[in-house]
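Have a look at the structure below before the remarks.
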Amino acid sequence: MENPENPYRLLVLSISSELERVLKGLGFDASVEEVSRSISPSKIGGDLSSSISFRLASASGDSKPDEIAKRISSLVRPVGFVNRIEAEKGFVNFYLDRKGFSAAVLLDALQDNRAHATGSAAAKKVIIEYPSVNPNKPWHIGHLRNALLGNAIANVFSYLGYSVLREDYIDDLGIQVMESLWGYINLGNNPDKKFDHWLGEQYVEVNKRIEEAGVAGEIKTLAQAAEKPGTKESLMLLELAKKCVEAQYETAFSYGIYHDIMVWESDIVANGLLGKAMELLEEKGVVETSSSGKYAGCKIINFEKLGELPKSLQSLKENAKVLVRSDGTATYVAKDIAFHMWKLGLLDDTFKYAEFMPQPNGVALYSTSRSKEAEAFSARKFNGADLAINVIDVRQSYPQAVLRLAFEALGRKELSERIFHLAYGEVELQSGVLSGRKGTWIGYSADDLLQEAKKKASSLITERFGLTGSEKDAVANSVARAAIIFEFLKVSPEKKVIFSWDRALNFEGNSGPYVQYMHARASRLLEDAGPEALASAEARLYDGSLDYQFNNEKEFSLIKQISIFEDIVEKARNELRPNILVEHAGSLALLFSAFYEALPVLKAEKEDEKAARLLVTRAARLRIGKVLGLLGIDAVEKM
RNA sequence: GGGCUCGUAGCUCAGCUUGGAUAGAGCAACAGCCUUCUAAAAACCAAGAAGAGAGCUGAAGGUCGUGGGUUCAAAUCCCACCGAGCCCGCCA
């Protein structure tokens, strides 16, 4: 609990301990935790309700829940903001002092500058990896889902006070780039469009050649040359991959996605990290060289030696995983194990770093590098995190499980428990999967999507504010992004998504632009109220002279929603699920809309009524802005 | 063969980890509806604009895949089954 001081949590805590006190007096045995777990928001009676009597009744056997509830409610004192306690159908229902609770919630929400780096989150470092796209094609909508998930999760950790490193893994030694390199050499290198798009389209052509002209052997020879540092081919490969990543990052920036550090697979090999990792694994007997059979000449992890495997790994056909092939090259899993030893600080940071390219948000983007200039940065360390979160497609669950197993086999179970796989479902088209090789992504790139959304957003921007061309463009961009981000993050990560233009460009109902619209409405409302009215409202809240009961259901529902913000953010952190935030943003917007439609703010009859509603509007606007920010959506003032 | 994920309103999805009272949103479909202005003797009709700014309200819509179990209580936990998808490589 990073912020036990927030009013909602304090309320639950004080009710729990009061209940526990009463239960003890009655001779029941129940812990505060148990009591606290029995408390939930009530839909029927009161604002909060406890179901503890049911548990006690079945435990003791001789009383009915309703009787116990009655006994409890007669003894419970009104603590916190509780002003009435009723036993109803076995539940103990707590009715709040709405005025007191509302004032506390508003006060809490308006104190926008709270420090979060307290408690367990303080100084904890987390490395979040996303989206790690092969550097030979543009981001398509599947990669976008990855990047948006990673960005939102990074924002959440950052908000909660963690030190967050946003990391991107560039696989510049894989087959895909090698194939692209062959195309670059043999099919020409005169890009006539954005480099990643051009390269991605050429890659489709390369794959045709592989199937039809049998150039696979040629590519293998090329790959062997390109994998050796310093060769002409390796330099060409680096140039190709670098240009592609730069183009991909333009896309990232257009979506407001940034990184701190970029790690190239070739550096993991060249820097010796892989070698050290293998040494360590061999030394501890985790890895052995197979002398016969299927894996003769390979270095493997032999699962048979590890005893009981986790269920997810019992599906194996073979009881081993190859880390180094018989030709001496390492598999992806081997490099990933080495990299995670780096991430968790089991191996030193011996990388050299250079700045890769400027980012529009002003944050320096570092990259592992073998260049001379990188020497200057060699003192810089990025490794050694408490948590490593990998945003990777669910289809890679198996290698991710092997990765964790390697740490367990090393006798470092505690390290394996610090690695989290945020496994998300694939994005598919109605017509089937998105394939880089087949080119089915063409027309479904992240760039295409943003362009379409922007077209739609531009056509909807109101003329009333007389925005200039560039202002309008900025708003259109924000609204377009909002539609896409909200729609992509709305769905639970584990679910597969069939892409649809209609849904991705949704501007109505429960959508990003709708939430932005509510933020803008609130902003305008506050502006129209004028600074004096706001200042005096706030002053009255602070000195406690605000005379308003907050009795309206719509108003109080909004306040309750505002009050649970911290819990929502922590839940999103605990479960690595940004969709919880999306849900919350949608509810806030909906409740705010219901609030201001039903209750006049500026035209409120009494001064205190107007002041209170202005404060509610302000708190709602702040919280909507915050949750949008966590999702990576701009909270616009006008649209 | 083994493992994982998903199945909730016509559609898209929350809720399930931590069981709690009447299972929630959005879209679609359905039924209604306010004020001001363009506006002119008045009323009515049509169109458009504005409303604190992309109008608002209501009702309807459900075997929570199926069956069993645990429990005072199951969408939620357990088991089995059905359906959809994915993974199990010296690819990444």
Side-chain angles (χ1 to χ4, degrees), chain A residues 33 36-38 40 42-45 49-55 57-58 64-65 88-91 93 132 134 171 173-176 265 290 294-300 309-318 321-333 335-336 392-399 401-402 423 425-426 428 460-462 464-465 487 490-492 494-498 500 502-503 506-511 513-514 517-518 520-529 571 574-575 577 579-580 582-583 586-587 590 593-594 596-598 600-603 617 638-639:
Chain A
E33 284 73 34
S36 148
R37 234 179 307 137
S38 80
S40 60
S42 173
K43 289 174 210 159
I44 310 297
S49 105
S50 167
S51 59
I52 195 72
S53 337
F54 292 93
R55 207 171 298 270
S58 66
K64 293 200 167 149
E88 281 154 315
K89 293 183 182 171
F91 292 88
N93 290 336
S132 308
N134 276 319
D171 178 10
L173 291 181
I175 286 178
Q176 289 210 5
E265 189 171 283
S290 181
K294 190 175 174 182
Y295 296 128
C298 297
K299 290 182 180 177
I300 60 168
L309 289 179
K311 259 197 168 179
S312 56
L313 284 173
Q314 286 175 6
S315 60
L316 292 172
K317 283 180 183 158
E318 304 294 334
K321 178 73 196 169
V322 173
L323 294 191
V324 178
R325 303 180 189 105
S326 52
D327 67 1
T329 58
T331 61
Y332 157 80
V333 173
K335 292 172 220 172
D336 215 26
I392 313 177
D393 192 326
V394 67
R395 287 174 293 191
Q396 291 195 43
S397 296
Y398 164 68
V402 172
E426 317 95 283
E428 290 182 7
L460 291 174
I461 288 176
T462 179
R464 66 170 44 234
F465 300 116
E487 215 51 40
K490 185 159 102 181
V491 184
S492 301
E494 68 274 10
K495 292 212 184 180
K496 188 171 91 176
V497 169
I498 308 289
S500 121
D502 279 348
R503 284 202 296 277
N506 180 23
F507 283 57
E508 280 159 21
N510 193 17
S511 73
Y514 177 76
Y517 173 68
M518 286 307 153
R521 286 293 297 270
S523 302
R524 204 61 340 92
L525 215 159
L526 294 168
E527 192 181 278
D528 290 349
K571 194 174 181 202
N574 295 343
E575 299 180 18
R577 294 158 64 88
N579 66 303
I580 293 168
V582 175
E583 189 75 13
S587 301
L590 212 61
S593 159
Y596 85 74
E597 287 297 342
V601 177
L602 297 181
K603 292 171 191 159
T617 302
K638 295 172 181 177
M639 59 192 281

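Order of the sequence lines fixes the chain letters, A, B, ..., with proteins taken first and strands second; residue numbering starts at 1 for each chain. All heavy atoms count here, side chains included; hydrogens, waters and symmetry mates do not.
Put simply, CG on A:Leu323 is 12 Å from P on B:C91, counting in whole angstrom units. Between A:Glu508 atom CD and B:G55 atom C1' there is a gap of 12 Å when expressed in whole angstrom units. The interatomic distance linking A:Lys321 (NZ) with B:G89 (C1') rounds to 6 Å, in whole Å. Whole-Å rounding puts the A:Glu428 CD to B:G85 C1' distance at 8 Å.
If you check the side chains of A:Thr329 and A:Asp327, you find a donor sitting under 3.5 Å from an acceptor. Judged purely by distance below 3.5 Å, without hydrogens or angles, the side chains of A:Ser38 and A:Ser50 pair a donor atom with an acceptor atom.
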Step by step, work out the side-chain contact (heavy atoms from CB on, under 4.5 Å) result for A:Gln396 and A:Tyr332. CA-CA 11 Å; A:Gln396 291 195 43; A:Tyr332 157 80; 3.3 Å; yes

Kindly indicate, with the supporting measurements, whether the criterion side-chain contact (heavy atoms from CB on, under 4.5 Å) is fulfilled by A:Lys490 and A:Asn579. CA-CA 5 Å; A:Lys490 185 159 102 181; A:Asn579 66 303; 5.8 Å; no

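Ranking B:C90, B:A92, B:A54 by closeness to the A:Tyr332 side chain, first place goes to B:A92. Distances were taken from every side-chain heavy atom of A:Asn510 (C-beta onward) to each of B:G53, B:A21, B:A25; the shortest belongs to B:A25. Considering only side-chain atoms of A:Leu602, the nucleotide from B:A92, B:C86, B:A52 that sits closest is B:A52. Taking the side chain of A:Asn579 as heavy atoms from C-beta on, and the options B:A92, B:G15, B:C56, the nearest nucleotide is B:G15.
Within the 4.0 angstrom heavy-atom criterion, no nucleotide atom of any strand lies near A:Gln176. Among the protein residues, A:Lys294 comes within range of the nucleic acid bases, having at least one heavy atom under 4.0 Å from a base atom. Within 4.0 Å (heavy atoms only), A:Lys571 reaches at least one base atom of the nucleic acid. Residue-level contact check: A:Ala520 touches the bases, meaning some heavy atom is under 4.0 Å from a base atom. As judged by a 4.0 angstrom heavy-atom cut-off over every strand, A:Ile580 is placed among residues making no nucleic acid contact. No engagement by A:Tyr514 is indicated, since no non-hydrogen atom pair under 4.0 Å with the nucleic acid exists. A:Leu525 comes within 4.0 angstrom of a base, heavy atoms only. As judged by a 4.0 angstrom heavy-atom cut-off over every strand, A:Ala296 is placed among the base-contacting residues. Among the protein residues, A:Asn93 comes within range of the nucleic acid bases, having at least one heavy atom under 4.0 Å from a base atom. Among the atoms of the strands shown, base atoms are found under 4.0 Å from some heavy atom of A:Val601. Across all strands, A:Ser511 comes closer than 4.0 Å to no nucleic acid atom at all (heavy-atom distances). Counting any heavy atom pair closer than 4.0 Å across all strands shown, A:Val491 reaches sugar-phosphate atoms only and no base atom. Using a 4.0 Å heavy-atom distance criterion, A:Arg395 is classed as a sugar-phosphate-only contact. Residue contacts for A:Arg521: at a heavy-atom cut-off of 4.0 Å it reaches a base atom on one of the strands shown.
Below the 3.5 angstrom threshold, one finds no donor paired with an acceptor across the side chain of A:Thr331 and the base of B:C90. With hydrogens and angles ignored, no donor-acceptor pair under 3.5 angstrom links the side chain of A:Glu494 to the base of B:U5. Taking 3.5 Å as the limit, the base of B:A28 and the side chain of A:Asp502 contain no donor-acceptor pair of atoms between them. You'll find a donor-acceptor pair under 3.5 Å spanning the side chain of A:Ser49 and the base of B:A21, going by distance alone.
Rounded to whole Å, the separation between the C1' atoms of B:A60 and B:C78 comes to 37 Å. Across B:C82 and B:U63, the matching P atoms stand 23 Å from one another, rounded to whole Å. Between B:A31 and B:U35, the distance separating the two C1' atoms is 22 Å to the nearest Å. Straight-line distance between the P atoms of B:C45 and B:U36: roughly 14 Å, to the nearest whole Å. For the P atoms, the distance linking B:U18 with B:G1 amounts to 32 Å, nearest Å. With C1' as the reference atom, B:U76 and B:U17 are 10 Å apart, rounded to whole Å. Taking the C1' atoms as reference points, B:G85 lies 39 Å from B:A54, given to the whole Å. One C1' atom belongs to B:A59, the other to B:C64, and the distance between them is 23 Å to the nearest Å.
The residue among A:Ser38 and A:Leu590 whose nearest nucleotide of RNA chain B is located toward the 5' end is A:Ser38. The residue among A:Lys603 and A:Ser397 whose nearest nucleotide of RNA chain B is located toward the 5' end is A:Ser397.
Within the 4.0 Å cut-off from OP1 or OP2 of B:A14, at least one side-chain nitrogen or oxygen of A:Ser492 is found. One finds a side-chain N or O of A:Lys495 lying less than 4.0 angstrom from the OP1 or OP2 phosphate oxygen of B:A14. Between A:Arg325 and B:A92, a side-chain N or O to OP1/OP2 separation shorter than 4.0 Å is present. In this model, the phosphate group of B:C88 is not approached by any side-chain N or O of A:Tyr398 to a distance below 4.0 Å at OP1 or OP2. Between A:Arg577 and the phosphate of B:G15, there is a side-chain N or O to OP1/OP2 separation shorter than 4.0 Å.
When both distances must be under 3.5 Å, the Watson-Crick or G-U wobble mate of B:A47 is B:U38.
Once the 5.5 Å centre distance and the 30° plane angle are applied, the aromatic ring of A:Phe507 is found not to be stacked with the base of B:A54.
Salt-bridge formation is detected for the pair A:Glu494/A:Arg577: a Lys NZ or Arg NE/NH1/NH2 atom is positioned less than 4.0 Å from an Asp or Glu carboxylate oxygen. One finds no salt bridge joining A:Arg503 and A:Glu487 here, because no Lys/Arg side-chain nitrogen approaches an Asp/Glu carboxylate oxygen to under 4.0 Å.
Side-chain contact check for A:Glu88 versus A:Ile44: every heavy-atom pair is 4.5 Å or farther apart. A heavy-atom distance below 4.5 Å is found between the side chains of A:Arg325 and A:Thr331.
Under the 6.0 Å cut-off for aromatic ring centres, A:Phe91 and A:Phe54 qualify, their centroids lying closer than that.
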